[in-house]
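Taking it in order: structure first as structure tokens, then the write-up.
Remember, it's 1-based here, ligands and their atoms both numbered in the order they're listed.
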Amino acid sequence: MTKYRSWAYIPEVDQKAVIPAWSDFDLDLETKSLLPHGNARSYSDSCLNSEGTLIENRLLDRFISFDEETGILKCESGVLFSQILDLIVPKNWFLPVTPGTKYVTVGGAIANDVHGKNHHQDGSLGRHIRSFELKRSDGTQLLCTANKNPDYFSATIGGLGLTGFITWAEIQLLKIPSPMIKVETTAFYGLDEFYSLSEKANTKHQYSVAWLDCNSKGSQFARGLFMAGDHTESTKLIKSATLEPKLSIPFNFPQKTLNQFTIKAFNTLYFNKNRLSSGKTTYQHYDSFFYPLDGIGNWNRIYGNKGFYQYQFVVPFSEKETMKKILEKIVDSGLGSFLAVLKEFGDLSSPGMLSFPRPGICLALDFANRGDVTLKLIAELDDMVVEAGGAAYPAKDVCMSSKSFQSFYPKIEEFKKYIDPRFSSDFWRRVSENLI
Ligand SMILES: Cc1cc2nc3c(=O)[nH]c(=O)nc-3n(C[C@H](O)[C@H](O)[C@H](O)COP(=O)(O)OP(=O)(O)OC[C@H]3O[C@@H](n4cnc5c(N)ncnc54)[C@H](O)[C@@H]3O)c2cc1C
């Protein structure tokens with residue numbers, strides 16, 4: 001038995017078996033259930049299968065082809081986004097969509113249909129996947145595109161690793177003028193200001209995201225920093241700040257170092273320092289704009305041995321009042337942490353049946369694990385999100401009930417037809433428990 005855990009340390013499970021995938025590997029294994037496993041950057045039990053076997057994709061790490069004229073890249077599913085960037089950026093290409101860490105595998109990113117700071121303009125990753133091969137436990141190998149095996153294509157994008165094992169994928173990359181991003185930062189106070197900034201910026205800028213303080217009350221309630229960015233000709237090439245983490249957290253912090261006072265102090269310091277650049281334009285290397293957390297090695301140790309929960313949800317634009325109530329609830333609970341991220345999702349639909357992004361405003365934040373009190377808060381937030389017709393993100397979830405899941409993902413009945421009968425996960429067993 002090997003201990004396996006999510007990026008948030010919760011849950012930690014005794015994983016019965018783990019096998020590496022390599023070329024021509026066979027899925028006809030004598031185990032109860034199988035689940036592909038990427039680089040475990042999910043904060044969720046959707047990347048764990050404690051009752052069965054994990055199939056590691058990291059050995060499938062070869063590039064197959066890269067057309068520098070068209071920007072079409074074909075690679076095996078265990079290739080990391082960081083490896084892709086190292087290859088393509090010098091040739092003036094970029095990932096069409098990237099999450100806030102570059103240490104994810106292609107297979108893992110497709111299975112969660114990841115989104116980035118450009119959702120309002122480019123949608124989620126699934127829109128930029130041209131094709132992939134899906135290996136099923138009955139020995140079939142399906143070539144999936146929007147036209148060939150379209151149902152498996154659609155079920156596998158955002159399909160949480162349950163439809164089979166992706167061996168390789170073909171991605172349409174984005175042409176860029178340089179590795180630099182032109183960034184405009186604006187400080188805001190309150191949700192109204194955020195909504196209005198986001199609406200204006202999203203017609204003009206390819207990327208946008210805001211950092212939000214989830215601890216302050218009164219006139220400082222929902223203050224934050226809004227960042228809008230675009231690829232740009234490099235005026236001056238700043239060397240990457242975070243190609244390799246400069247700072248690394250050497251051990252799990254004792255829990256008591258992280259409390260309401262330290263978090264509040266950090267948020268105030270961060271806001272006041274960065275507020276100085278409000279209204280200014282800066283030029284950043286793509287690494288520091290897209291992947292600030294990758295610059296701190298093992299940052300998840302800050303929360304100590306007990307780990308943390310990340311909660312990410314989206315509610316429709318019309319539910320601004322709900323978003324306000326949710327934020328008030330978080331602030332009142334005193335459980336909010338730093339690093340809350342607020343972002344607008346646009347209306348470009350994904351081919352993925354279970355894809356998380358949908359039009360609205362999305363908030364992601366960490367809660368240190370303080371036991372039942374944290375779980376109770378998350379359950380209450382889930383209820384509010386259900387009520388508002390929104391959704392929580394499976395890649396960041398360890399608490400969602402089966403009832404909430406069905407409300408968030410109405411295409412679940414259709415999706416079930418494409419699940420590989422030998423595939424399962426801890427997440428899936430939990431949310432499908434009472435599936436009608
Ligand atoms: C700092 C940080 C920032 C993040 N920011 C964002 C963000 O902005 N947007 C966003 O969308 N996500 C974000 N994430 C979440 C992350 O992008 C996803 O969880 C991603 O799917 C992790 O990829 P992985 O390779 O680590 O896969 P894992 O976490 O190991 O697995 C994820 C899923 O992929 C499946 N899978 C893995 N390989 C295959 C395969 N070969 N075939 C089929 N299924 C497979 C697994 O079964 C599992 O269901 C962030 C995570 C971190 C740590």
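Against a heavy-atom cut-off of under 4.0 Å, C47 is close to the following atoms of ligand 1: 28 (P), 29 (O), 30 (O), 31 (O). For ligand 1, the atoms lying closer than 4.0 Å to a non-hydrogen atom of Y393 are 10 (C), 11 (O), 12 (N). Atoms of ligand 1 found under 4.0 Å from any heavy atom of W7, numbered from 1 in the order shown, are 53 (C). Every atom of ligand 1 is numbered from 1 in the order shown, and the set under 4.0 Å from a heavy atom of V114 is 10 (C), 11 (O), 17 (O). Ligand-side atoms of ligand 1 in range of S77: 41 (N), range being under 4.0 angstrom from any heavy atom. Within ligand 1, counting atoms from 1 as listed, the ones closer than 4.0 Å to a heavy atom of N112 are 18 (C), 19 (O), 20 (C), 21 (O), 32 (C), 33 (C). When each atom of ligand 1 is checked for a heavy atom of F165 under 4.0 Å away, the hits are 41 (N), 42 (N). Listed by atom number, the atoms of ligand 1 under 4.0 Å from G164 heavy atoms are 43 (C).
Of all protein heavy atoms, the one closest to atom 13 (C) of ligand 1 is P99 CB, 3.5 Å. Nearest protein neighbour of atom 48 (C) of ligand 1, counting heavy atoms only, is S46 O, 3.5 Å. Counting only heavy atoms of the protein, atom 38 (N) of ligand 1 lies nearest to N57 ND2, 2.9 Å. The protein non-hydrogen atom at the shortest distance from atom 9 (N) of ligand 1 is H115 O, 2.9 Å. The protein non-hydrogen atom at the shortest distance from atom 26 (O) of ligand 1 is R41 N, 2.8 Å. When only non-hydrogen protein atoms are considered, atom 46 (C) of ligand 1 lies nearest to P36 O, 3.1 Å. Protein heavy atom closest to atom 3 (C) of ligand 1, with residue, atom name and distance, is G100 C, 3.6 Å. Here the heavy atom of the protein found nearest to atom 29 (O) of ligand 1 is S42 OG, 2.6 Å.
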Note to self: I'd like to know whether T167 forms a side-chain hydrogen bond (donor to acceptor under 3.5 Å, both in side chains) with E133, so could you lay out the CA-CA distance, the side-chain angles of the two residues, the decisive distance to 0.1 Å, and finally the verdict.
What the structure shows: CA-CA 6 Å; T167 50; E133 182 188 71; 2.4 Å; yes
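In summary, the aromatic rings of F356 and Y409 are positioned with their centroids too far apart to meet the 6.0 Å limit. Between F290 and F94, the gap from one ring centroid to the other is short of 6.0 Å. A ring-centre distance under 6.0 Å is not found for Y393 and Y43. Aromatic ring centres of Y311 and Y309: separated by at least 6.0 Å.
Between the side chains of T374 and N369, no donor N or O sits under 3.5 Å from an acceptor N or O. Under 3.5 Å, the side chains of T145 and N147 contain no donor-acceptor pair of N or O atoms. Side chains of K175 and H231: no donor on one and acceptor on the other come within 3.5 Å.
The shortest N or O to N or O distance between T98 and ligand 1 is not under 3.5 Å. Checked by distance only, ligand 1 and H37 stay at 3.5 Å or farther apart across all their nitrogen or oxygen atoms. Every N/O-N/O distance between G116 and ligand 1 stays at or above 3.5 Å. The shortest N/O to N/O separation between T105 and ligand 1 falls below 3.5 Å. At a 3.5 angstrom cut-off on N or O pairs, A40 counts as close to ligand 1.
Just one of F153, Y152, W168 meets the ring pair (Phe, Tyr, Trp, His ring centres under 6.0 Å) condition when paired with F132; it is F153. If you run ring pair (Phe, Tyr, Trp, His ring centres under 6.0 Å) between Y303 and each of F367, F308, W7, only F308 comes through.
Rounded to the nearest 0.5 angstrom, S208 OG and L342 CG are separated by 9.5 Å.
Ligand 1 is approached by K396 to a heavy-atom distance shorter than 4.0 Å. Not a single heavy atom of S425 lies less than 4.0 angstrom from ligand 1. The closest approach between Y43 and ligand 1 falls below 4.0 Å for a heavy atom of the residue.
N49 and L34 get closest at one heavy-atom pair: ND2-C, 3.5 Å.
Counting heavy atoms from C-beta on, the side chains of K343 and H120 come closer than 4.5 Å. A 4.5 Å side-chain heavy-atom check between M400 and F427 finds at least one atom pair inside the cut-off.
Between H119 and F345, the angle of the ring planes lies from 30° to 60°, which puts this pair in the tilted group.
Residue I166 touches ligand 1 through backbone and side chain together, judged by heavy-atom distances below 4.0 Å.
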